[in-house]
2 protein chains.
Amino acid sequence: MEETKFVINSNEYLPLRDVVFNTLRDAILTGKLVPGERLMENQLADKLGVSRTPVREALRMLALENLVELVPRKGAQVLDMSEKDIINILEVRDALESLATSIACEKMKNEALQQLKSVEAEFERAVEERDVERIIQLDEDFHDLILESTENDKLTQIYQNLRVQLYRYRMAHLKVDSTIPAIIAHHRGILRAIENHDAEEGATVAHGHIKYHTEFILRSIHSK
Amino acid sequence: MEETKFVINSNEYLPLRDVVFNTLRDAILTGKLVPGERLMENQLADKLGVSRTPVREALRMLALENLVELVPRKGAQVLDMSEKDIINILEVRDALESLATSIACEKMKNEALQQLKSVEAEFERAVEERDVERIIQLDEDFHDLILESTENDKLTQIYQNLRVQLYRYRMAHLKVDSTIPAIIAHHRGILRAIENHDAEEGATVAHGHIKYHTEFILRSIHSK
DNA sequence: TTAAATAATACTGTATACATTGTTTCTCTT
DNA sequence: AAGAGAAACAATGTATACAGTATTATTTAA
């Protein structure tokens with residue numbers, strides 16, 4: 001029995017590069033590191049109390065997530081996205097969201113559907129309570145459940161990567177009250193399509209959903 | 001005038017990590033390194049005549065391309081894809097190819113269209129000459145031209161990454177004579193759709209094209 | 001005062017040494 | 001002989017040192 005005494009968390013070990021990666025990623029996504037800011041290995045290493053090696057590796061990971069830009073012999077800087085980039089990402093996400101939703105219409109098990117419904121119910125409750133943090137989280141959960149049901153890891157991975165890239169520009173989005181009713185309508189439409197196993201309808205609604213998102217994000221960029 | 005003497009190639013400099021990356025990537029794609037094979041940093045460093053540092057960085061780049069798998073404190077090995085993985089990739093590629101083609105139908109300039117036509121003509125000539133290497137290259141060119149015309153770097157990047165992952169399983173594909181006529185028909189269908197700016201038709205034909213690819217690749221896997 | 005050249009500096013690129021952990025092998029015990 | 005345990009080994013994780021290059025500052029000349 002005592003052999004479990006020290007097995008609090010069997011995988012508490014995380015390589016430093018992952019710790020650094022998570023730290024920097026979080027800093028970028030929350031805006032503590034702003035686009036264009038230079039990321040110098042020595043400076044970061046000192047600040048984080050590690051050597052340059054894990055910092056270098058973390059920077060390269062961030063580069064592959066398109067969060068930082070690496071120029072050989074020059075260094076890294078937080079990547080600044082143009083409006084064009086955002087449009088491009090949304091265009092791809094549109095296609096993938098439609099794909100995911102239509103697969104979900106075909107494949108989703110009843111159990112998962114019930115879960116999805118309950119997430120949506122919670123979402124609408126959070127809306128009433130104007131709990132912005134929770135609204136954002138539950139919207140993410142809703143889409144994650146759909147992705148999961150596709151049983152397609154590649155799709156999930158690519159989609160989530162796109163989401164991360166948009167994260168910085170998305171924060172403001174769900175905070176605006178006026179957009180919420182439309183989002184709820186979309187979610188309900190998606191639920192209905194899944195319930196009816198209507199893949200075509202699902203893709204259509206998802207497309208409309210993203211299109212709405214797209215327009216909103218673009219508008220919020222322009223108003224800055 | 002003599003200042004140009006040594007400026008043969010103004011960006012001949014490539015960081016060692018990129019050299020190693022290209023070398024390993026090529027070795028994996030051509031099958032010199034087979035799935036499951038362990039990739040040990042010291043061993044690779046010795047063999048390539050560099051230190052472990054660039055090798056490590058190259059391995060991490062390969063991991064992000066899903067060509068190798070990294071297990072913390074265990075090491076790297078050439079990633080073996082299951083049939084499920086291949087199906088997943090093809091599913092995503094299908095959606096992206098349809099997206100790319102339909103955008104191309106809307107956006108492609110006449111100049112690019114003429115280029116596309118000439119690539120297709122060359123492709124069909126290569127088919128007649130049974131020049132397999134050239135067939136493969138031109139098929140890639142055909143799809144690259146379509147991607148380019150979307151003016152969407154993200155889409156292009158993601159699509160090409162998927163292509164790399166399939167590369168190993170794709171080689172055999174275009175070597176089989178029986179599949180070629182269908183591919184030519186698809187290409188011509190895509191050309192027609194672009195010419196008529198018929199985005200819907202383009203997406204449909206592209207979808208059929210990938211579906212055909214998919215079935216073929218799966219059949220060739222099963223017959224192994 | 002400004003522009004060009006040169007020197008100083010600060011950063012990335014690469015190698016290497018040390019630390020830690022996982023694996024294998026050998027030995028000892030039952 | 002088989003299994004458990006310990007020790008030797010081998011690989012990755014991390015730190016650091018040195019090399020090379022880009023940038024900045026400074027000085028000199030026009």
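In what follows, chains are A, B, ... by sequence order, proteins preceding strands, each numbered from 1.
- Going from atom OH of Tyr13(A) over to atom P of dT20(C) covers 12 Å, rounded to whole Å.
- In summary, the side chains of His187(B) and Asp139(B) do present a donor paired with an acceptor at a separation below 3.5 Å, with no hydrogens or angles considered.
- Atom CG of Leu39(A) and atom C1' of dC11(C) are 13 Å apart (whole Å).
- Along DNA chain D, the stretch of nucleotides lying under 4.0 Å from any heavy atom of chain A spans, 5' to 3', dG13(D) to dT23(D).
- Here dT14(C) presents its P atom at 16 Å from CD of Glu41(B), a figure rounded to the nearest Å.
- Arg17(A) comes within 4.0 angstrom of sugar-phosphate atoms only, judged by non-hydrogen atoms across all strands, and of no base.
- Using a 3.5 Å distance cut-off with no hydrogens or angles, the side chains of Thr156(B) and Asp153(B) do not pair a donor with an acceptor.
- Of the possible donor and acceptor atoms, none in the side chain of Asp46(A) sits under 3.5 Å from a partner among the backbone N and O of Gln43(A).
- In this structure, Arg38(B) does not reach the dG22(C) phosphate: none of its side-chain N or O atoms is under 4.0 Å from OP1 or OP2.
- Using modelled atom types, one finds a donor on one side chain and an acceptor on the other under 3.5 Å when comparing Gln160(A) with Asp144(A).
- Against DNA chain C, the stretch residues 61-77 of chain B makes heavy-atom approaches under 4.0 Å through Arg73(B), Lys74(B).
- Of the options Asp141(A), Ile135(A), Leu138(A), a side chain to side chain contact (heavy atoms under 4.5 Å, CB included) to Glu122(A) is made by Leu138(A) and by none of the others.
- Ring centers of His186(A) and His207(A): at least 6.0 Å apart, outside the cut-off.
- Taking atom CG of Asp46(A) as the reference point, atom P of dC11(C) lies 10 Å away to the nearest angstrom.
- Here the P atom of nucleotide dG13(C) and the CG atom of Asp18(B) are 10 Å apart, to the nearest Å.
- The CD atom of Gln43(A) sits 11 Å away from the C1' atom of dC11(C) (whole-angstrom rounding).
- Contacts of Leu59(B) with the nucleic acid, taken as non-hydrogen atoms under 4.0 Å apart, are absent.
- Side chain of Glu37(B) to main chain of Val34(B): a donor-acceptor pair is present (N/O by atom type, distance under 3.5 Å, no hydrogens or angles).
- Listed for the Asn152(B) side chain is a donor-acceptor partner under 3.5 Å among the backbone atoms of Asn88(A).
- Rounded to whole angstrom, the span from the CG atom of Asn42(B) across to the P atom of dA17(C) amounts to 12 Å.
- Note on Arg52(A): every side-chain N or O is 4.0 Å or more away from OP1 and OP2 of dT12(C).
- Asn161(B) and Gln157(B) form no side-chain donor-acceptor contact under 3.5 Å, judged by distance and modelled atom types alone.
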